S.K.: 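Before anything else, here's the structure in question.
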Amino acid sequence: MKKRIAIFASGSGSNAQKIMEHFKKHPEAEVCIVLTNNPEAYVLQRADNFEIPTHVFDKQEFYNTNGLVDLLKNLQVDIIVLAGFLWLIPQNLLKAFPNKIINIHPALLPKYGGKGMYGDFVHQAVLTNRDAESGITIHFVNENFDEGEIIHQARFKIEKGDDLEMLKFKGQQLEHHHFPRIIEHLLKKMKSSI
Ligand code: GRF
């Protein structure tokens with residue numbers, strides 16, 4: 001049986017798109033569901049284009065029920081990928097999928113992580129501090145924002161004149177390149193499904 005990937009995303013889902021593309025015809029793994037807290041998220045359209053099932057949930061379902069754990073267990077999900085998902089992951093999900101939930105962050109953690117550090121806020125902080133470089137971090141998820149064990153980082157140079165849009169662009173290029181490959185690598189290391 002193929003390894004099964006679940007993606008959580010709240011927004012555009014350009015990373016989700018790259019992951020779905022990467023695994024579309026993959027012999028050993030597939031994206032089996034895309035989940036979101038945002039019924040307007042463009043990622044839902046992207047999932048539809050790949051004919052991948054979706055599930056929209058609200059805060060009540062996410063934090064006060066075991067519904068998502070049951071859903072993901074029933075689907076025999078091997079890895080949960082957060083690709084632009086901003087809510088803190090509750091204990092029941094962390095316990096049910098130990099070391100199986102990963103996130104991508106648009107900075108070189110532990111710099112520029114934590115609550116409120118997402119999207120443009122991250123890049124703006126990097127510019128304000130006049131850093132010489134920035135990058136991306138793929139890490140395991142724990143009960144705190146952006147604090148789980150780091151799996152992979154990639155970096156880029158900040159050139160004179162780079163603005164927020166340029167930082168975003170450079171970071172996104174790295175994310176799109178590395179995220180699907182790291183997921184594939186992690187799945188290869190996992191012997192059996194949970
Ligand atoms: C990415 O920059 C990722 O690092 C962060 O959220 C953003 C999602 O972008 N966690 P997209 O929806 O995949 O385009």
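Because the structure is predicted, anything quoted here is derived from the model rather than measured.
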S.K.: For Ala107, does its backbone N or O pair with a side-chain atom of Thr137 as donor and acceptor, under 3.5 Å?
M.R.: yes

S.K.: Any heavy-atom pair between the side chains of Phe62 and Asn37 that's under 4.5 Å?
M.R.: no

S.K.: Treating Ile, Leu, Val, Met, Phe, Trp and Tyr as nodes and any side-chain heavy-atom pair under 4.5 angstrom as an edge, say whether Leu86 and Leu109 lie in one connected cluster.
M.R.: no

S.K.: Give the minimum heavy-atom separation between Ile102 and Phe140, together with the two atoms involved.
M.R.: CG2-CD2, 3.8 Å

S.K.: Would you check if Ser134 and Ile158 make a side-chain contact, meaning some heavy-atom pair closer than 4.5 Å?
M.R.: yes

S.K.: Are Leu127 and Leu108 in one and the same hydrophobic cluster, where Ile, Leu, Val, Met, Phe, Trp and Tyr link if side-chain heavy atoms are under 4.5 Å apart?
M.R.: no

S.K.: Using the rule given for side-chain contact (heavy atoms from CB on, under 4.5 Å), can you reason through Lys188 versus Glu184, listing the C-alpha separation, both sets of side-chain angles and the distance that settles it, and then say yes or no?
M.R.: CA-CA 6 Å; Lys188 277 203 179 120; Glu184 178 168 358; 3.3 Å; yes

S.K.: Kindly indicate, with the supporting measurements, whether the criterion side-chain contact (heavy atoms from CB on, under 4.5 Å) is fulfilled by His123 and Tyr112.
M.R.: CA-CA 9 Å; His123 302 303; Tyr112 309 114; over 6 Å; no

S.K.: For Asn129 and Asp131, indicate whether the former's side chain and the latter's backbone hold a donor-acceptor pair under 3.5 Å.
M.R.: no

S.K.: Please assess Thr54 against Leu35 for the test side-chain contact (heavy atoms from CB on, under 4.5 Å), listing each intermediate value before the final yes or no.
M.R.: CA-CA 6 Å; Thr54 57; Leu35 304 101; over 6 Å; no

S.K.: State the CD1-CD distance between Ile182 and Gln153, to the nearest 0.5 angstrom.
M.R.: 11.0 Å

S.K.: Quick one: does Leu186's side chain get under 4.5 Å of Ile183's, heavy atoms only?
M.R.: no

S.K.: Quick one: does Glu30's side chain get under 4.5 Å of Ile5's, heavy atoms only?
M.R.: no

S.K.: Ion pair present between Asp120 and Lys168, side-chain N to carboxylate O less than 4.0 angstrom?
M.R.: yes

S.K.: Please tell me if the side chains of Glu143 and Leu88 come closer than 4.5 Å, counting only heavy atoms from C-beta onward.
M.R.: no

S.K.: Taking a hydrophobic cluster as the set of Ile, Leu, Val, Met, Phe, Trp and Tyr residues connected by side-chain heavy atoms closer than 4.5 Å, whether directly or through intermediates, do Phe8 and Val56 fall within one such cluster?
M.R.: no

S.K.: Between Asp146 and Lys115, does any side-chain N to carboxylate O distance fall below 4.0 Å?
M.R.: no

S.K.: Can you confirm whether or not the ring centre of His178 sits under 6.0 Å from the ring centre of His152?
M.R.: yes

S.K.: Regarding His139 and Glu149, do their side chains bring together a donor and an acceptor under 3.5 Å, going by distance alone?
M.R.: no

S.K.: Cluster question for you: counting only ILVMFWY and a side-chain heavy-atom cut-off of under 4.5 Å, with indirect links fine, are Met117 and Ile104 together?
M.R.: yes

S.K.: Is any NZ, NE, NH1 or NH2 atom of the basic residue among Lys157 and Glu133 found under 4.0 Å from an Asp or Glu carboxylate oxygen of the other?
M.R.: no

S.K.: Under the 6.0 Å and 45° cation-pi test, does Lys2 pair with Phe23?
M.R.: no

S.K.: Start with the C-alpha distance between His176 and Gln17, add both sets of side-chain angles, then the distance that settles side-chain hydrogen bond (donor to acceptor under 3.5 Å, both in side chains), and finish with yes or no.
M.R.: CA-CA 9 Å; His176 293 172; Gln17 170 88 25; over 6 Å; no

S.K.: How close do Phe156 and Leu174 get, heavy atom to heavy atom, and via which atoms?
M.R.: CD2-CD1, 3.7 Å

S.K.: Do you know which two heavy atoms are closest between Val31 and Val34, and how far apart they sit?
M.R.: CG1-CG2, 4.4 Å

S.K.: Any idea which heavy atoms bring Phe179 and Ile19 closest together, and the distance?
M.R.: CD2-CD1, 3.8 Å

S.K.: Taking Phe85 as the starting point, is it possible to reach Leu44 by hopping between hydrophobic residues whose side chains are less than 4.5 Å apart?
M.R.: no

S.K.: Please lay out, stage by stage, how Glu175 and Asn15 fare under the test side-chain hydrogen bond (donor to acceptor under 3.5 Å, both in side chains).
M.R.: CA-CA 7 Å; Glu175 291 186 340; Asn15 279 283; 3.0 Å; yes

S.K.: Supply the atom-to-atom distance Ile101 CD1 to Ile79 CD1, rounded to the nearest 0.5 angstrom.
M.R.: 10.0 Å

S.K.: So for atom NZ, which belongs to Lys170, do other residues, nucleotides or ligands contribute more than 12 heavy atoms lying within a distance under 6.0 Å?
M.R.: yes

S.K.: Parallel, tilted or perpendicular, judged at 30° and 60°: which one describes the rings of Phe57 and Trp87?
M.R.: perpendicular

S.K.: So does Met166 get a backbone contact from the side chain of Asp163, meaning a donor-acceptor N/O pair under 3.5 Å?
M.R.: yes

S.K.: Could you tell me if the side chain of Ile33 sits less than 4.5 Å from the side chain of Leu72, heavy atoms only?
M.R.: yes

S.K.: Do Cys32 and Val77 make a side-chain contact, defined as non-hydrogen atoms from C-beta onward lying under 4.5 Å apart?
M.R.: yes

S.K.: With no hydrogens and no angle check, is any side-chain donor or acceptor of Thr36 less than 3.5 Å from a backbone partner on Ala9?
M.R.: yes

S.K.: Quick check on side-chain hydrogen bond (donor to acceptor under 3.5 Å, both in side chains): which of Thr65, Asn64, Asn66 does Asn92 satisfy it with?
M.R.: Asn66

S.K.: I'd like to know whether Leu68 forms a side-chain contact (heavy atoms from CB on, under 4.5 Å) with His55, so could you lay out the CA-CA distance, the side-chain angles of the two residues, the decisive distance to 0.1 Å, and finally the verdict.
M.R.: CA-CA 9 Å; Leu68 289 193; His55 179 74; 3.6 Å; yes

S.K.: Once rounded to the nearest 0.5 Å, what's the spacing between atom CG of Leu71 and atom CG of Leu75?
M.R.: 5.0 Å

S.K.: Mind listing the closest non-hydrogen atom pair of Pro106 and Gly119 along with its distance?
M.R.: CG-N, 4.5 Å

S.K.: Evaluate the side-chain proximity of Leu167 to Val126: yes if any heavy-atom separation is below 4.5 Å, no if none is.
M.R.: yes

S.K.: Can you tell me how far apart NZ (Lys95) and CG (Leu93) are? Round to the nearest 0.5 Å.
M.R.: 12.0 Å

S.K.: Of the non-hydrogen atoms in Ala16 and Ile7, which two are nearest, and what is the gap between them?
M.R.: CB-CG2, 4.0 Å

S.K.: Salt bridge between Lys3 and Glu28, side-chain N to carboxylate O under 4.0 Å?
M.R.: no

S.K.: Any donor-acceptor pair under 3.5 Å linking the side chain of Asp58 with the backbone of Glu61?
M.R.: yes

S.K.: Is a side-chain donor or acceptor of Asp162 paired with a backbone partner of Glu159 at a separation under 3.5 angstrom?
M.R.: yes

S.K.: Strictly distance-based, threshold 3.5 Å: is any side-chain N or O of Arg46 a donor or acceptor partner for the main-chain N or O of Tyr42?
M.R.: no

S.K.: Check whether Asp78 reaches the backbone of Arg4 with its side chain - one donor and one acceptor, N or O, closer than 3.5 Å.
M.R.: yes

